[in-house]
Amino acid sequence: MPRNRPPLPDPVSLLESPPWRKKVRQKLLRWYAGAARDLPWRKSRNPYHIWVSEVMLQQTQVATVIPYFARFIDQFPTIDSLAVADEEQVLRLWEGLGYYRRARQLHRAAREIVATHQGQFPSNPTHVERLPGIGRYTAGAILSIAFDARRPILEANTIRLFSRLLAYDGDPRSAHGQELLWRAAEILLPRREIGQFNQAIMELGSLVCTPRQPACGTCPLRSLCPTFAANLQDEIPKAARRVQYEEIHEAAVVIWRGRKVWLRRCVEGERWAGLWDFPRFPCQTSDKEADAYLVQEKAERQSQSRLGNLRQWTQMKHGVTRFRIQLTVFQADFLQESSIAEGTNPTASESRWITVSQLNELPLSATGRKIAQQLSKPPVAQRKNTSARKS
DNA sequence: AACTCGGGGTC
DNA sequence: GACCCAGAGTT
């Protein structure tokens, strides 16, 4: 039996109390003045810098972004320089961050800004939200931080913070929860220092109001927090339903032609669009013999060549979104080009034969890069691996 | 409302 | 392993 607790306050009635809101703002801004981290994108209010950082930070942790941000701004210091760059260059700098659509949309948006806003990042919210890759959160973040516009934000940190601060025990991801929390983000905004306020709520969520074991003891808002009062910080916000992982097996093939290997560019609509990859496809593992046969057939179809000496080389595991992938990497030798009738290869895409050292210049997926790195290891180490096969 | 999209950090 | 991350876009 749960012991009796005082009833939680109604979130809306808290929000409608001006004195409560005023205290939240004051305590928050005072705390932030002394606790703000010195992050690279906080060195200026250059809208372009803020924009790049916000896109990189989508579903990506601060610590991960920092080195990428520095390299990116170094390479593309202005919107114009990004706009004239090749997409491949942009993706190469993004490699390892994931969600590569972000990089392509950032690049496209830069071109749009050059074309329609003379290379100046727009300050009109309608224009900003129309840019590819910029949704309600990112628009609000850029506009408030760079221009001090009075726009709300709602993201992982503030969803958690507001859920607790309002003792909202519903699902913050539901339509109702989102409506309430966006309303909170809006009504809590101060009249000035909007950018500081928005960064402060994220900072507090990130450093103090953490998912597990929040530091309520040092929280500047603890006296205003009904969740802390009820000791419910481990139950609020409600946990997300856990993901159903799916185990799948894939094969990739390193096709050798002399000292070069074959790669294709992933096309629009498939995973890793715009990145280069070795031929890769799902495979079963129930029957090893049939497996090798199918792998060869599919690799031949993709590369439009006849292959020989297919041998299993190495295995790796990796997770992509909800998939747990067991990747078996083969090597094979190019024998001759195969003439496949026009139209029988709907997945045909741009492709190249390139040396292993040239792989450094192409954007690859994480496993693609892992394969490339193993290929450039000393041959001794490779022979050691391949000799592990049955003799 | 429920997917998809990646990769790494963290306990 | 399971959970989480300064979300956007599509179905």
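Chain naming here is simple, since letters A, B, ... match the order of the sequence lines and numbering starts at 1 in each.
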Asks: Please tell me whether A:H176 and A:Y168 form a close aromatic pair, meaning their ring centres lie under 6.0 Å apart.
Replies: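 Ring-ring flag for A:H176/A:Y168: true, centres closer than 6.0 Å.
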Asks: Can you identify which nucleotide, out of C:dG7, C:dC3, C:dC4, has its nearest atom closest to the A:T138 side chain?
Replies: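 Of the options given, the side chain of A:T138 lies nearest C:dG7.
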Asks: Using atom CD of A:Q244 as one end and atom C1' of C:dA2 as the other, report the distance to the nearest whole Å.
Replies: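 Taking atom C1' of C:dA2 as the reference, CD of A:Q244 is at 13 Å.
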Asks: Distance check, C1' atoms only: C:dC4 and B:dG6, in whole angstrom units.
Replies: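 Taking atom C1' in both C:dC4 and B:dG6, they lie 14 Å apart.
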Asks: Separation of A:Y68 atom OH from B:dG9 atom C1', in whole Å?
Replies: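 Result: 13 Å.
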Asks: Atom CZ of A:R160 to atom C1' of C:dC4: distance rounded to whole Å?
Replies: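 It is 9 Å, rounded to the nearest whole Å.
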Asks: Would you mind telling me which residue lines up with the more 5' stretch of DNA chain B, A:G98 or A:T64, judged by nearest nucleotide?
Replies: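 The 5'-side residue here is A:G98.
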Asks: Given that A:Q58 and A:R324 both sit by DNA chain C, which one's nearest nucleotide is further toward the 5' end?
Replies: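 Nearest-nucleotide comparison on DNA chain C picks A:R324.
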Asks: Would you mind telling me which residue lines up with the more 5' stretch of DNA chain C, A:P132 or A:L57, judged by nearest nucleotide?
Replies: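 Taking each residue's closest nucleotide, the earlier one in sequence belongs to A:L57.
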Asks: Under 4.0 Å from OP1 or OP2 of C:dG7: is there any side-chain N or O of A:R136 that close?
Replies: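 Checking C:dG7 against A:R136, no side-chain N or O comes under 4.0 Å of OP1 or OP2.
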Asks: How about A:Q296 and A:E300: does a side-chain donor come under 3.5 Å of a side-chain acceptor?
Replies: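 Present: a donor and an acceptor within the cut-off.
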Asks: For the pair made of CD in A:Q59 and P in C:dC4, what is the distance, rounded to whole Å?
Replies: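 Atom CD in A:Q59 sits about 12 Å away from atom P in C:dC4.
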